[in-house]
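One-based numbering along the sequence shown. The shown structure was predicted, so the numbers you read here are calculated from the model rather than taken from an experiment.
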Amino acid sequence: MYKNGKLIDLKNQETEYMELTNTSKQNDKYELKIKYVHDSNLTLNEIVGKVQIKIHSQQLIV
């Protein structure tokens, strides 16, 4: 997984905590690259159909 062209390390299929502030606008581009063995019995459509991205957000009141 990449954020703005830089590789993001995943631990247990999760990113580290990311914090967004309300003091400035922020626009990030995320990219997920998937590699698979061409010799497998799965088709590309079957692999893409199993990809799931979950986003969890929290708003803290300070």
Next on the checklist: Taking side-chain contact (heavy atoms from CB on, under 4.5 Å) as the definition, give me every residue that meets it alongside Lys33, ordered by chain and number, with sequence neighbours left out.
Outcome noted: Tyr2, Glu31
Under 3.5 Å, sequence neighbours excluded: what are the donor-acceptor pairs made by side chains of residues 5-17?
{"unit_1": "Lys11", "atom_1": "NZ", "unit_2": "Glu16", "atom_2": "OE2", "d": "3.2"}

Item to check | Partner set under side-chain contact (heavy atoms from CB on, under 4.5 Å) for Asp28, not counting sequence neighbours | outcome: Lys3, Asn4, Gln26, Tyr30
Item to check | Contacts of type side-chain hydrogen bond (donor to acceptor under 3.5 Å, both in side chains), residue Ser24, not counting sequence neighbours | outcome: none
